[in-house]
Amino acid sequence: MSEMEDVKAAEEQTSPATDATSKKEELVGETTEELPPEQIVTETIDEDGDEVEEITQITKKVVKRTMKITETSSTTKTSSLTAPAKLYGKDLSEYDDVDVETLLAQLSPEEINILAKEVDPDDNFLPPDQRCSYECTKDPTGPLNRKKLIEHINKQAIETPDQPEFEPYVKGTVRGKKWVPPPRDQRDVEAEEKIAIDLGDEYESALKDATQEEIIDLAAILGFHSMMNQDQYHASLLNKGQPVGMGWDGITKSTQQKVYPMDPPNDTDVEESIRRVKDDDEKLIDLNLNNIKNISEEKLEQLINALPGNEHLEVLSLTNVGLTDKLALLLAEAIEKSKTLRVLNVETNFISPPVIVKLVQALLKCRTIEEFRASNQRSQVLGNKIEMEITDLVEKNTSLLRLGLHLEFNDARHRVAAHLQRNIDRIRVQRLNQRK
């Protein structure tokens, strides 16, 4: 078969939609031939006016090259690495520009209830009865009796027969394939073998005659913490001598915990404190209402409403007093109008992350607060969006020096720490200049 026939056969085998034909030229041979010379006679007039014949001889060479042309054909198949999203074989790319809110607005209440049963909202703030899609339509037969319910469940469990086994149990019979551990690597076995070290007669005699306390002191110096407990280690470092009755037998014993007395209850008079805040008592600088459980919402609201008119209170601590979002929003408005408050502590309450952002935003208008603490709230994790908003607000604040919030993301944590350090440095320089 000739070369052109091979090329045609290859073209017929490829797909017309994906063919790619290329030509390749290859030099086979080259020859040079010299043609006979030619003479050209021309008549010209010289300088004296006489006619003169000029003869010009031309020599020509012909170069002949033999080229081999090869045509090749290839079939190319292209496939997309990312397939479009499909649901039951239907392409979903046409719904990319559809507004979900518009679709939901067109649904009737019955259709929304049907849709809600098919979707489980991932929201830990919703109670379980609102997240569960199951709805019991049966009427209650009576009040719940827990004791009778447990007795009924136990009775059903006893009356329900066990599923029969396909093969009866025989004691001592091993069923199935027994697991055999794979052989260990010889290098690991050799590494675990004990290595005999010749320490010399002097060191061997010294260790042989050493007492138990001396060996414990040597282990502490060498840093062998697994050979002793914490009391033995600190006694060796401080050269106090080993505790009585605590030798090698005390290695696995834990250190006896020290019992500290409980903190006394907060006996601050709430009503008296509210009255002093309203009267702008100049002696009331620090108000601590931490861990007082029985403060009503009305009293907290009276205290917060009295803060804007007070010009002497500098420290306000409201830790673990049941502060809610409603009271926190009132506190944010009171902070904006405060003129003397320097420290605000609202840790361990029930404030949501968006309201914490409102409190941090209120600090921008109150230029006197230097320390703000609001960690350990109802939601332990603020989220990336909330943390970035808090970070942007803190970077705009030039008076805040300390922030008590647990930030999960490194970017927000580092930016907040760097900005607070710049505020501290700037205020320290200002105070030094004022002293001079």
Side-chain angles (χ1 to χ4, degrees), residues 261-324 326-351 355-356 358-377 393-394 397-405 416 419-421 423-435:
M262 296 293 293
D263 293 335
N266 193 345
D267 55 355
T268 304
D269 190 350
V270 179
E271 295 183 357
E272 179 66 16
S273 301
I274 295 174
R275 185 189 62 79
R276 296 178 65 184
V277 172
K278 289 182 178 180
D279 296 342
D280 195 9
D281 189 354
E282 59 182 10
K283 296 182 179 180
L284 183 61
I285 299 177
D286 187 349
L287 178 57
N288 187 344
L289 300 179
N290 295 344
N291 302 318
I292 300 180
K293 302 288 187 179
N294 56 355
I295 304 179
S296 62
E297 186 175 347
E298 290 78 12
K299 292 181 180 179
L300 289 174
E301 189 172 350
Q302 292 176 8
L303 173 64
I304 294 172
N305 292 332
L307 290 177
N310 191 288
E311 297 182 356
H312 295 87
L313 186 63
E314 297 182 2
V315 180
L316 177 61
S317 297
L318 298 174
T319 301
N320 194 19
V321 295
L323 207 63
T324 59
K326 176 184 176 182
L327 296 174
L329 291 174
L330 293 177
L331 182 61
E333 296 177 1
I335 290 173
E336 296 178 356
K337 302 175 183 178
S338 179
K339 301 177 182 178
T340 58
L341 200 60
R342 293 190 304 106
V343 179
L344 178 62
N345 189 349
V346 291
E347 293 179 342
T348 317
N349 284 295
F350 301 99
I351 306 175
V355 181
I356 294 178
K358 295 289 185 181
L359 290 172
V360 179
Q361 188 176 7
L363 301 181
L364 293 175
K365 297 183 179 180
C366 178
R367 295 295 181 176
T368 59
I369 292 184
E370 300 177 355
E371 181 176 351
F372 174 70
R373 299 186 178 276
S375 60
N376 193 24
Q377 300 297 332
L393 293 173
V394 170
N397 198 319
T398 58
S399 61
L400 189 63
L401 304 182
R402 296 176 183 85
L403 179 66
L405 273 176
V416 168
H419 182 75
L420 295 180
Q421 186 61 44
N423 288 348
I424 293 173
D425 295 341
R426 185 183 64 257
I427 292 178
R428 184 176 66 250
V429 172
Q430 292 177 357
R431 292 176 179 176
L432 289 176
N433 293 335
Q434 292 176 358
R435 291 178 183 177

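What you see is a predicted model, and the numbers here were worked out from it, not measured in a lab.
Residues Glu347 and Ser375 bring a donor and an acceptor atom of their side chains to less than 3.5 Å of each other. Of the N and O atoms on the side chains of Asn288 and Ser317, not one donor lies less than 3.5 Å from an acceptor on the other residue.
Ile274 CD1 to Asp279 CG: the interatomic distance, rounded to the nearest 0.5 Å, is 12.0 Å. Between the CG atom in Leu401 and the CG atom in Leu403 there is a gap of 11.0 Å [rounded to 0.5 Å]. The CG atom of Asn349 lies 7.0 Å from the OG1 atom of Thr319; values are rounded to the nearest 0.5 Å. Atom-to-atom distance recorded for Asp267:CG and Ile292:CD1 is 8.0 Å, nearest 0.5 angstrom. Here the straight-line distance linking atom CG of Leu405 with atom CG of Asn376 works out to 11.0 Å at 0.5 Å rounding. Taking CG of Leu329 as the reference point, atom CD1 of Ile351 lies at 9.0 Å (rounded to 0.5 Å).
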Just list the side-chain donor-acceptor pairs under 3.5 Å for residues 331-338, sequence neighbours left out, or say none.
residue, atom, partner, partner atom, Å
Ser338, OG, Leu341, N, 3.4

Listing, residues 303-310 side-chain donor-acceptor contacts under 3.5 Å, not counting sequence neighbours, or none:
residue, atom, partner, partner atom, Å
Asn305, ND2, Glu301, O, 3.0
Asn310, OD1, His312, N, 2.9
Asn310, OD1, Leu313, N, 2.7
Asn310, ND2, Val277, O, 3.1

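The shortest heavy-atom contact between Ser273 and Thr268 is OG-CG2, 3.4 Å. The two residues Asp281 and Arg276 have their closest heavy-atom pair at OD2-NE, 2.9 Å. Contact record, Ile295 with Val321: CD1-CG1, 4.2 Å, taken as the closest heavy-atom pair. Val360 and Phe372 get closest at one heavy-atom pair: CG2-CE2, 4.0 Å. Of all the heavy atoms in Asn397 and Asn423, the pair that sits closest is O-ND2, 3.1 Å. For the pair Val315 and Arg342, the tightest heavy-atom approach, listed with the atom from each and the gap, is CG2-NH2, 4.3 Å.
Counting only heavy atoms from C-beta outward, the side chains of Arg367 and Thr398 approach each other to under 4.5 Å. Side-chain contact between Gln377 and Val355 is absent, with no heavy-atom pair separated by less than 4.5 Å. At a threshold of 4.5 Å between non-hydrogen side-chain atoms, the residues Gln430 and Arg426 count as touching.
Of the possible polar contacts, none joining the Asn291 side chain to the Asn320 backbone as a donor-acceptor pair under 3.5 Å is found. Side-chain atoms of Asn266 come within 3.5 Å of backbone N or O of Asn290 as a donor-acceptor pair. With Asn345 contributing its side chain and Gly404 its backbone, the two residues share no donor-acceptor pair below 3.5 Å.
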